[in-house]
Amino acid sequence: MKRTKIKRIGVLTSGGDCPGLNAVIRGVVRAAHEQGWETYGFSDGYEGLISPVRYRRLDPNGVDSIMPMGGTILGTVNRGRFAAKVGAGKKAEIPQAILCEARETFEGLGLGALVCIGGDGSLSTALQLQKAGVPVVGVPKTIDNDLSATNMTFGFDSAVEVVVDALDRLHTTARSHKRIMVVEVMGRHAGWIALHGGLGGGADVILIPEIPYRRDALIHLLKQRKSDGFGSTMIVVAEGAKERGKKLVTKEAKLRGQGEVRLGGIGEQLAEDLEATTGQEARFVTLGHLQRGGTPSALDRILATRFGVGAVRLIAAGHFGHMVTYLNDHVGGVSIAKAVRTLRTVPPGGETVASARSVGISFGD
Ligand code: F6P
């Protein structure tokens, strides 16, 4: 690693939490220490950079035991004065006064770089800070696994494990009662969690945003399964899935001025509709934030540590405005501007969907 004149760097976590954030922080602090740099951690995402400014020094011993911990020791915010994303592809400009105040805090503390760990909204904020004069590097974070520039983000594997564990438990009760079980999982614009969780947990139906489902196809399938002797049916539905020609099911009719609209409710709606139409008892479970909490899987700990070290490497090389990526088992970097541009959604004609279909899983299309 090339040494620079940096003495101190900052780190923050922004947006929704997910398993592995603390492992990234630990990776950053330890790799920075190797470079001879101190690390300051800001509280509550970008909010810690502005009044009332909140930060603390993170030393390598202090972060020793945080790797297995879920959440983030720094706290996070996904709606606030820095909310830079208001919907898929729609970005908001952060007021210059806020960006300037953040830069003044950064300069006043003698920081040489800021590591921003967050999803595409938080990375868009990082870019705006970079334009305002704060040298940033990004670490992509989303359990939805929907950033195109990286093959995988940490937190995804842990979330899929939660879904698979839930399906193992729900199969036994669904079979005992001969019920339809609808399991709603996270995934706003991309159905990766539903697809992988459904495949790993032996779902019969997987509904994802990329393949709008047909209600009549679902009903036909349920009737067919009944006459074929299948007592129960396990349906995994992503929160962002929708019926062909219908709108997304949301918790709020419209935005409350900040951040993205809250999704949720499709599982309940579907279970009620299917029970009323087929006469077979149906139940629903929304896994919600269970998928975001708890200890990270081994794979996520490893990826998160590599991402933390990768962020320090980007700083040492002077690659500001870049974020770490994981491609072909290599942690490298790409410009944030390029990375936040496109979502990585499930290809409906891809091999994973085809394999799912080959083992009899329906996508309701
Ligand atoms: O983008 C990640 C995600 O977990 C989505 O799947 C979900 O819709 C959203 O965050 C929920 O965020 P929160 O409840 O923290 O607002």
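Indexing begins at 1, ligand by ligand and atom by atom, following the structure's order. All heavy atoms count here, side chains included; hydrogens, waters and symmetry mates do not.
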note = Nearest heavy atom to atom 11 (C) of ligand 1, choosing from R262, R292, R188, belongs to R292
task = Name the closest protein heavy atom to atom 5 (C) of ligand 1, giving the residue it belongs to and the distance to 0.1 Å.
result = E239 OE2, 3.2 Å
inquiry  = Would you compute the distance between atom CZ of F42 and atom CG of L114 and round it to the nearest 0.5 angstrom?
reply    = 6.5 Å
ask   = Which protein heavy atom lies closest to atom 2 (C) of ligand 1, and at what distance to 0.1 Å?
value = D144 OD2, 3.6 Å
query = Would you call R306-D329 a salt bridge at under 4.0 Å N-O?
reply = yes
task = Answer with side chain, backbone, both or neither: which part of N78 has a heavy atom less than 4.0 angstrom from an atom of ligand 1?
result = side chain
request  = Below 4.0 angstrom from a heavy atom of M186, which ligand 1 atoms are there? Numbered from 1 as shown, please.
outcome  = 4 (O), 6 (O)
query = For the atom pair CG (D204) and CE (M181), what is the distance rounded to the nearest 0.5 Å?
reply = 12.0 Å
inquiry  = Just to check, does G187 reach to within less than 4.0 Å of ligand 1 when the distance is taken from its heavy atoms?
reply    = yes
inquiry  = Applying the side chain to side chain contact (heavy atoms under 4.5 Å, CB included) criterion to T325, which one of T150, V139, N151 satisfies it?
reply    = T150
key: Lys/Arg-Asp/Glu bridge criterion (N-O < 4.0 Å) met for D273, R215   = yes
ask   = Would you say V11 and Y40 make side-chain contact, with heavy atoms under 4.5 Å?
value = no
ask   = Which protein heavy atom lies closest to atom 14 (O) of ligand 1, and at what distance to 0.1 Å?
value = H289 NE2, 2.8 Å
